[in-house]
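Here's the structure we're looking at; comments come further down.
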Amino acid sequence: MPLDKAKTLQVKYCGSKHPLDVGRLALINRKIYFEYAPGFLGLGLQLSPFKLPLQPGVLVCEDWIFEGLFGVFNDSLPDGWGKLLLDRKLMGIGINPNSLTPLDRLRYVGTRGMGALRYEPEFSETLPEEKLIDLDVLADECFQFQINDQDQFIDDLILLNGSSAGARPKILVSIDPKTNQFQMTDNNPMHSHHDWIVKFRSSVDPQDIGSIEFAYHLMAKEAGLVLPEAKLFKSRTCPGYFGVKRFDRTKISFLHMHTLGGLLHADHRIPSLDYEAVLKATYILTKNAKENEKQFRNCVFNVFACNRDDHAKNFSFLMDENGVWSVSPAYDLTFSTGPSGEHCTTIMGNGRNPGTSDLLKLAAIGKINEHKALDIIHQVKEAVSKWRHFAEEANVSRQSIKNIQAELSKGRDE
């Protein structure tokens, strides 16, 4: 692993058949600058219209939310589990992770990131020979890494992590559609394999966390949310592993993806947003009332399904090759009591016990008529009332079904 530090980086956009030069990042006197490539300016593709609009000249980020990095590039960086792996790897070879700049970390992401942005030159890694992947073996390696500090698995886990975010261990794998076997992805949209993100339990998760998240996926589907394809992958040692098919890919390229946190420069570690801001940002970005309805439905589900881990990085947008934005499929939907029992994102100022009255006020802000809002609320509540059915289908344990049912019943808002 080279030790030279990044001073400049080229940013590429892979949202079309051929990669396009977006511009250049530079680190000068501890400040990060960016300049769009002249050819990209003429395309009219607003990759981050709120904080990094298309304009000529050198731009500098004036806030330090992301260590001086523009939010659209910070979205490419792993956090939680992925950051932990990289930091542990660096310490193992004698490098202080705190000495790395955001540009250094983007070099580690290189061409393996989520979404359509790529960074050059990347730190080169010697890739292992292609091999089939056993989910149970990897799940155990993740667990041993967390519990017993067993660092011998780090290289494989880093390569399989891509740049995915979140606290729970996860891997990025390809599934051969002919054999259904797992293997390491090459992040190439032209191959015939399908890329999936598969999650494992953390050291504090229940044994059936994968089943719980899959039950929530089934419940959210019944509630009318737009979702990625998902599966509960079989296991020999637990009820199963929850996985979702990547939704940032087309048959020939990638879709540009931007989190709400990156769009607004909101730190997801600090609860600071209200759904009023979520809906307003959605409407301004997409210019589409239907997209606002999708976002409102996501909010209603989070309220009644007790998913209070609704922080700024758990909302994302996708931009197609024509520059048109849409709300991404919903993800990271599962039971969560949230910080101190509150939603990370408040609902009209209410994070503790929001209900229908708060949601109707929010709908009005989002220009969603009351009749439509009540229909969405009714459909979501009906789906949540079937929790036990979805949980049994997903093989959730009896104790987890009972515990979650008790919390869902508190938020039924009857």
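Taking the ring-ring contact (aromatic ring centres under 6.0 Å, His included) definition, one finds that F296 meets it with nothing, sequence neighbours left out. Not a single side chain to side chain donor-acceptor pair (under 3.5 Å) links N288 to another residue, sequence neighbours left out. With sequence neighbours excluded, the residues forming a side chain to side chain donor-acceptor pair (under 3.5 Å) with D63 are H265, listed by chain and number.
Ring planes of F242 and F214: tilted class, angle from 30 to 60°.
Side-chain polar atoms of D104 and T101 form a donor-acceptor pair below 3.5 angstrom. Side chains of Q295 and N292: a donor-acceptor N/O pair is absent below 3.5 angstrom, by distance only.
Expressed to the nearest 0.5 Å, how far CD of E276 lies from NZ of K280 amounts to 4.0 Å. Atom-to-atom distance recorded for D21:CG and K12:NZ is 4.0 Å, nearest 0.5 angstrom. Considering CD of E67 and SG of C61, their distance stands at 11.5 Å, rounded to 0.5 Å. Interatomic distance, H258 NE2 to F50 CZ, rounded to the nearest 0.5 Å: 8.5 Å. Distance CZ/F34 to CZ/R24: 10.5 Å, rounded to 0.5 Å. Residue W325 holds its CH2 atom at 7.0 Å from CG of L47, rounded to the nearest 0.5 Å.
Pairs passing the salt bridge (charged side-chain N to carboxylate O under 4.0 Å, His left out) check and including a residue from residues 259-272, sequence neighbours excluded, read D267-R269. Among residue pairs with one or both ends in residues 383-405, those qualifying as ring-ring contact (aromatic ring centres under 6.0 Å, His included) are Y216-W387; sequence neighbours excluded.
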Derivation of the side chain to side chain donor-acceptor pair (under 3.5 Å) call for D136 and T237:
CA-CA 7 Å; D136 285 322; T237 61; 3.3 Å; yes
Could you walk me through whether I365 and M348 pass the side chain to side chain contact (heavy atoms under 4.5 Å, CB included) check?
CA-CA 10 Å; I365 292 290; M348 302 307 293; 4.0 Å; yes
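Smallest separation of non-hydrogen atoms from T259 and A312: CB-O, 4.2 Å. Across all their heavy atoms, V109 and P78 have their closest contact at CG2-CD, 3.8 Å.
Between K51 and V72, every side-chain heavy-atom pair lies at or beyond the 4.5 Å cut-off. No side-chain heavy atom of L359 sits less than 4.5 Å from a side-chain heavy atom of I376. Residues L77 and Y108 have side chains not in contact (no heavy-atom distance under 4.5 Å, counting atoms from C-beta outward).
By the 6.0 Å contact criterion, NZ on K221 is open, its count of non-hydrogen atoms from other residues, nucleotides or ligands being 12 or less.
D274 places no side-chain N or O within 3.5 Å of a backbone atom of A277 that could act as its donor or acceptor partner.
Contact check on E382 versus K386 returns no salt bridge, with no Lys/Arg side-chain nitrogen under 4.0 Å from an Asp/Glu carboxylate oxygen.
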Check residues 304-311 and write down every donor-acceptor pair under 3.5 Å in which the side-chain atom is one partner and the other belongs to a residue at least two apart or another chain.
{"residue": "N307", "atom": "ND2", "partner": "N302", "partner atom": "OD1", "Å": "2.9"}
{"residue": "D310", "atom": "OD1", "partner": "C344", "partner atom": "N", "Å": "2.9"}
{"residue": "D310", "atom": "OD1", "partner": "T345", "partner atom": "N", "Å": "3.3"}
{"residue": "D310", "atom": "OD2", "partner": "Y275", "partner atom": "OH", "Å": "2.7"}
{"residue": "D310", "atom": "OD2", "partner": "H343", "partner atom": "ND1", "Å": "2.9"}
{"residue": "H311", "atom": "ND1", "partner": "K313", "partner atom": "N", "Å": "3.1"}
{"residue": "H311", "atom": "NE2", "partner": "N314", "partner atom": "ND2", "Å": "3.4"}

